[in-house]
Amino acid sequence: MPELPEVETVVRGLARRMAGHRLSGIELRRGDLRWRIPKSLPKKAEGHLVTAVERRAKYILIRLDDGGILLLHLGMSGRLVLMEPEDKTPLERHDHVVMTLDDGTRIRFNDVRRFGVLDYVRAEALEGHKLLQGLGPEPLDPGFTGAVLEAALEGKRTPLKAALLDQRVVAGLGNIYVCEALFYAGLSPKRLARTVNPERAERLVAAIKDVLQRAVAAGGSSIRDYVQATGELGYFQHQWAVYDHEGEPCPRCGGSNIKRIVQSGRSTFYCPKCQR
DNA sequence: ACGAGAACCTGTTTGC
DNA sequence: TGCAAACAGGTTCTCG
């Protein structure tokens with residue numbers, strides 16, 4: 001799925017097209033995603049003006065002028081695809097929700113695996129929403145520092161890789177960018193989280209911020225069928241140093257090949273020589 | 001309380 | 001070539 005850079009890219013694309021426009025219709029074509037989409041959602045959101053589209057962790061927030069918010073998560077395979085007003089292309093098999101704007105633009109929420117989420121929440125209840133509670137700091141926020149990360153990892157006996165995927169530690173990283181950040185920080189994914197001292201934490205935070213910023217600048221990574229909101233393809237996948245590069249020489253030391261291991265059921269790519 | 005693994009679901013790729 | 005297993009960007013829930 002979309003990790004932070006992909007979600008950020010989608011949010012920017014959506015903001016351009018949605019802000020200042022009225023949601024004239026929401027069609028629920030299939031409601032059983034990760035959770036049931038409330039049947040009352042279209043009625044509550046229709047007719048209201050979109051004031052802003054924002055991101056928190058990997059969640060998309062579509063804010064409406066009456067204080068309502070559409071809360072969306074793309075899961076592993078979710079996409080938001082813009083359709084121009086004149087676009088008569090038929091909807092596809094996994095288009096579960098279609099939002100229509102007052103200018104005729106449509107946005108379809110397509111999600112093959114249905115791990116995605118769509119919910120309606122009032123602005124005053126957003127902080128307390130079950131899905132947003134307990135989320136860790138935004139990695140690109142200036143407040144996310146080595147000291148903050150070190151404190152979050154303190155005492156954790158889990159491998160560092162798993163700790164960074166935990167959205168309570170830091171919010172927005174996923175499998176790809178964790179692998180990339182660990183590589184740039186020169187830290188082994190297998191290292192126990194609690195062994196990250198202040199010096200390592202600083203390096204790791206710097207690597208996380210750097211790789212995320214570069215990925216956002218590239219418009220994210222397009223994997224398989226993932227396309228950003230504007231329809232363009234992100235190109236960061238061409239800049240992956242280790243992810244999906246099993247068996248290739250390490251781009252830093254060249255003397256060792258990138259290894260793939262499985263940690264808590266997910267692929268990890270790293271250089272056994274550079275990452276300690 | 002914590003950490004590992006299963007579960008959710010569908011489609012594509014890989015290996016025998 | 002054909003079929004089955006493995007794998008895919010995430011998160012929650014259960015179990016030890």
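So you know, we letter chains A, B, ... as the sequences are listed, proteins then strands, and number each from 1.
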*Tell me, yes or no, whether the heavy-atom count around A/Arg29 atom CZ, taken from other residues, nucleotides or ligands under 6.0 Å, exceeds 12.*
yes

*Of the listed nucleotides C/dC7, B/dG3, C/dT11, the one nearest the side chain of A/Gln167*: C/dT11

_Using OP1 and OP2 only, check whether a side-chain N or O of A/Ser77 sits under 4.0 Å from C/dA8._
no

*Checking all strands, does A/Pro5 fall into the base, sugar-phosphate, or nothing category for heavy-atom contacts under 4.0 angstrom?*
nothing

_I'd like to know if A/Leu160 and A/Val148 are part of one continuous hydrophobic network [Ile/Leu/Val/Met/Phe/Trp/Tyr, side-chain heavy atoms within less than 4.5 Å]._
yes

_Between B/dG5 and C/dC7, how far apart are the two P atoms, rounded to whole Å?_
15 Å

*asked:* Please determine whether a side-chain nitrogen or oxygen atom of A/His94 lies at a distance below 4.0 Å from atom OP1 or OP2 of B/dT10.
replied: no

_Please determine whether a side-chain nitrogen or oxygen atom of A/Arg114 lies at a distance below 4.0 Å from atom OP1 or OP2 of B/dT10._
yes

_Parallel, tilted or perpendicular: which one describes the rings of A/Tyr177 and A/Phe236, with boundaries at 30° and 60°?_
tilted

*N or O in side chain of A/Lys130 less than 4.0 angstrom from C/dC13 OP1/OP2*: yes

*Checking A/Arg276 against A/Tyr270: charged group under 6.0 Å from the ring centre and within 45 degrees of the axis?*
no

*Which ranges of DNA chain B pair up as stems, where a stem means three or more consecutive Watson-Crick or G-U pairs with both distances under 3.5 Å?*
B:2-8 with C:10-16, B:10-16 with C:2-8

*Would a hydrophobic clustering, with Ile, Leu, Val, Met, Phe, Trp and Tyr connected at side-chain separations under 4.5 Å, put A/Leu64 with A/Phe109?*
yes

*Base, sugar-phosphate alone, or nothing: which one does A/Arg260 contact when heavy atoms must sit under 4.0 Å apart?*
sugar-phosphate

*Using the aromatic ring of A/Phe115 (for Trp, its six-membered ring), decide whether it stacks on the base of B/dC8 within the limits of 5.5 Å and 30°.*
yes

*asked:* What's A/Gly174 touching, base or sugar-phosphate or nothing? Going by heavy atoms closer than 4.0 Å.
replied: sugar-phosphate

*In terms of side-chain heavy atoms of A/Leu131, which of B/dT10, B/dA4, C/dT12 is nearest?*
C/dT12

*Could a donor-acceptor pair under 3.5 angstrom be found where the side chain of A/Arg113 meets the base of C/dA8?*
yes

_Listed partners of A/Arg106 passing side-chain hydrogen bond (donor to acceptor under 3.5 Å, both in side chains), at least two apart_ = none

*Any A/Arg93 side-chain N or O less than 4.0 Å from OP1/OP2 of B/dT10*: no

*Contacts of type side chain to side chain contact (heavy atoms under 4.5 Å, CB included), residue A/Leu49, not counting sequence neighbours*: A/Arg22, A/Asp65

*Output yes when at least one side-chain N/O atom of A/Lys58 is less than 4.0 Å from OP1 or OP2 of C/dT11, else no.*
yes

*If the P atom of C/dT11 is compared with that of B/dG11, how far apart are they to the nearest Å?*
22 Å

*Given the P atoms of B/dA7 and C/dA5, what is the spacing between them in whole Å?*
16 Å

